[in-house]
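Each residue takes its place number in the sequence, starting with 1. All figures in this text were calculated on a predicted structure; none of them were measured in a lab.
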Amino acid sequence: MGSGGDEAATEASWLVLLPVKSTAVGKSRIALDPPRRARLARAMALDTAAAVAAASLVRGVLALVDDDADGRELAAIDGVRVHRSRSRGLNETIREARDLPETASASLAVLPADLPSLRPAELDAALAAAATVPLAVVADRQGTGPTLLAARRAAARDPHYGPGAVAAHCR
């Protein structure tokens with residue numbers, strides 16, 4: 001452990017928001033029959049949540065769900081709390097969670113719930129780097145969508161998911 005900024009980067013201080021689209025309808029571009037696709041989507045969300053909760057720089061995971069069955073499964077993972085979203089759409093769901101009293105002073109990170117290969121050490125490395133800047137964005141493979149959005153200050157917490165999201169967050 002170092003001093004100054006290094007200590008901030010090594011503290012378990014991130015609250016991770018994990019938006020979970022209803023697994024009953026999620027991953028619709030995967031060519032599987034609906035029940036198998038739903039099981040796959042739920043397994044991906046559970047794997048992602050477990051990896052995030054196991055990261056040493058994460059002090060908590062808040063799964064943002066619109067399906068009660070998904071919420072019950074996710075709540076069974078140590079370190080995961082569930083918030084039943086009243087909003088429609090990803091940006092609105094994140095803003096709703098961002099405005100909860102428990103998130104007001106937290107350093108927040110947002111990850112999609114479909115990262116089943118995520119390893120806690122990889123997330124720790126990304127969050128340690130994110131701790132050094134007000135807003136961090138990690139782009140997906142195509143370079144257009146954020147895989148990770150992390151903000152230590154409230155002013156940088158305005159999500160802009162959708163077409164051109166990485167560019168919008170970088171602006």
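In this structure the side chain of Glu96 reaches within 4.5 angstrom of the side chain of Ser85, judged on heavy atoms. The shortest side-chain heavy-atom distance between Leu111 and Leu118 falls under the 4.5 Å cut-off. Side-chain contact check for Leu123 versus Leu57: every heavy-atom pair is 4.5 Å or farther apart. Leu100 is listed as a side-chain neighbour of His83, based on a closest heavy-atom distance under 4.5 Å. Two residues are said to be in side-chain contact when any heavy atoms from C-beta on lie closer than 4.5 Å; Leu62 and Val16 fail this criterion.
The main-chain N or O of Leu115 is found under 3.5 Å from a side-chain atom of Thr48 such that the two form a donor-acceptor pair. In terms of modelled atom types and a separation under 3.5 Å, the side chain of Ser107 and the main chain of Trp14 share no donor-acceptor contact.
Taking all atoms of both residues into account, the shortest heavy-atom contact from Arg59 to Leu15 is NH2-CB, 4.2 Å. Contact between Ile77 and Ala49 at its shortest, heavy atoms only, is CD1-CB, 3.8 Å. Contact record, Ala45 with Leu18: O-CD2, 4.5 Å, taken as the closest heavy-atom pair. Across all their heavy atoms, Ile94 and Pro19 have their closest contact at CG1-CG, 4.2 Å. Ala54 approaches Pro120 most closely through the heavy-atom pair CB-CG, 3.7 Å. Residue Arg42 comes nearest to Ala69 through the heavy atom pair NH2-CB, 3.5 Å, listed as atom of the first residue, atom of the second, then distance.
Val82 pairs with exactly one of Leu64, Val65, Val61 by the side chain to side chain contact (heavy atoms under 4.5 Å, CB included) rule, that one being Val65.
By the side-chain contact (heavy atoms from CB on, under 4.5 Å) test, Glu92 is found to be paired with Ser87, Arg95, residues two or more places apart in sequence or in another chain being considered.
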Kindly determine whether Leu74 and Val20 satisfy side chain to side chain contact (heavy atoms under 4.5 Å, CB included), including the steps that lead there. CA-CA 10 Å; Leu74 288 158; Val20 181; 3.8 Å; yes
The test is side chain to side chain contact (heavy atoms under 4.5 Å, CB included); show your working for Ser117 and Glu122 and say whether it passes. CA-CA 10 Å; Ser117 300; Glu122 295 168 334; over 6 Å; no
Determine, stepwise, if the pair Arg84 / Asp66 fulfils salt bridge (Lys or Arg N to Asp or Glu O under 4.0 Å). CA-CA 6 Å; Arg84 180 71 153 85; Asp66 56 6; 6.0 Å; no
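Taking CG from Asp114 and CE from Met44, the interatomic distance works out to 5.0 Å, rounded to the nearest 0.5 Å. Remark: Arg88 CZ to Thr93 OG1 distance equals 8.5 Å, nearest 0.5 Å.
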